[in-house]
Amino acid sequence: MLVRKARLQDATNIYELVNSLSHDGTLLRRVFAEICENIRDFTVAESDSGVFLGCGALHLYGPHLAEVRSIVVKPEAKGQGAGAKLLNALLEEADDHGVGCVCLFTRIPDFFFRYGFRVVEDKVALPDKIYKDCQNCPRLYRCDEVAMARGLVPKVSILGPRIEAEQLVRLTG
Ligand SMILES: CC(=O)SCCNC(=O)CCNC(=O)[C@H](O)C(C)(C)COP(=O)(O)OP(=O)(O)OC[C@H]1O[C@@H](n2cnc3c(N)ncnc32)[C@H](O)[C@@H]1OP(=O)(O)O
């Protein structure tokens, strides 16, 4: 199995796999253009014969924060270590960039505990994520995902201030 940075030629496989799990909210739906535009965020896993097995993405907010997104392995390839390899590659990438904290939102926190992620009880502690995705998410007010972070949650944000993120998710009214 090989884990490597994605190329534009991988965009169709990524698009189809990510969106196959968006109907029930497991992953955020991504449009094809968005995947192409952000293809450099993605890492893919493929078999020794070059068959696409899965993908994951690392979004860089800034030196203070990155986010692991869209980790998914094809059903027939699960349980063979692809998910672990993808996540490790994304975490190494964050380290290479010297990012202090990596966050993610998920419904399967147990998978991420072993990689050093811990639950962030208050999602508003990650305002950049709220501005980037949550404010456009249909489940903003009934989010069923667990926020997690690896490393110290930063005190700064760059997409907007925390106080307005709080108002956005109606925690302060
Ligand atoms: C931030 C986000 O992207 S959240 C979205 C996460 N993705 C999904 O929910 C999509 C659906 N799920 C999947 O595609 C896959 O099941 C993944 C990506 C979660 C795991 O991929 P796999 O290739 O099957 O994982 P892999 O074989 O590397 O397993 C590594 C370890 O994690 C464990 N594990 C796998 N899935 C889960 C899970 N859902 N919950 C807890 N532990 C898990 C495995 O048992 C294994 O443990 P072991 O080392 O003790 O044997």
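We number each residue from 1, following the sequence as shown.
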In one Ile/Leu/Val/Met/Phe/Trp/Tyr side-chain cluster, 4.5 Å: V99, L104: yes
Note, C101 side chain near L152 side chain (heavy atom, < 4.5 Å): no
Rounded distance [0.5 Å steps], CG in D41 versus CG in L60: 6.5 Å
Hydrophobic cluster membership, L58 vs L91, 4.5 Å side-chain cutoff: yes
Shortest non-hydrogen separation from G56 to L86 and the atoms involved: N-CD2, 4.2 Å
Student check: side-chain heavy atoms of F105 and L28 closer than 4.5 Å: no
I39 side chain reached by R7 side chain, heavy atoms, under 4.5 Å: no
Distance in Å, I71 CD1 paired with L27 CG, rounded so as to fall on 0.5 Å steps: 10.0 Å
Considering all heavy atoms, the nearest Y131-A165 contact: OH-N, 3.2 Å
Rounded distance (nearest 0.5 Å) linking atom CD1 of I14 with atom CG of N19: 11.0 Å
Salt bridge present between D10 and K5 (N-O < 4.0 angstrom): no
Side chain to side chain contact (heavy atoms under 4.5 Å, CB included) between R107 and V146, worked out: CA-CA 6 Å; R107 288 172 168 174; V146 175; over 6 Å; no
Contact check, side chains of T43 and E93, non-hydrogen atoms, under 4.5 Å: yes
Side-chain heavy-atom pair E37, V31 within 4.5 angstrom cut-off: no
Approximate separation, where rounding is to 0.5 Å, of M1 CE and E46 CD: 10.5 Å
Hydrophobic cluster membership, V153 vs V156, 4.5 Å side-chain cutoff: no
K74 side-chain N/O to F52 backbone N/O, donor-acceptor pair under 3.5 Å: yes
V120 side chain reached by C103 side chain, heavy atoms, under 4.5 Å: no
Distance-minimising heavy-atom pair for G54 and L17: CA-CD2, 3.8 Å
Atom pair CZ/CG of F42 and L90 - distance to nearest 0.5 Å: 10.0 Å
Check: F111 and T106 side chains under 4.5 Å, non-hydrogen atoms: no
ILVMFWY network linking M148 to L126, side-chain heavy atoms under 4.5 angstrom: no
Approximate separation, where rounding is to 0.5 Å, of R4 CZ and K85 NZ: 14.5 Å
Contacts of type salt bridge (Lys or Arg N to Asp or Glu O under 4.0 Å), residue D133, not counting sequence neighbours: R69, K129
Nearest non-hydrogen partners of S157 and H64, listed with the distance: CA-NE2, 4.1 Å
Over all atoms of both residues, closest heavy-atom pair of P127 and G160: CB-O, 4.3 Å
Electrostatic pair D128-R162, nearest N-O below 4.0 angstrom: no
Heavy-atom pair of closest approach, residues R30 and V18: CG-CG1, 3.7 Å
Same cluster (ILVMFWY, side-chain, under 4.5 Å), V73 and L21: no
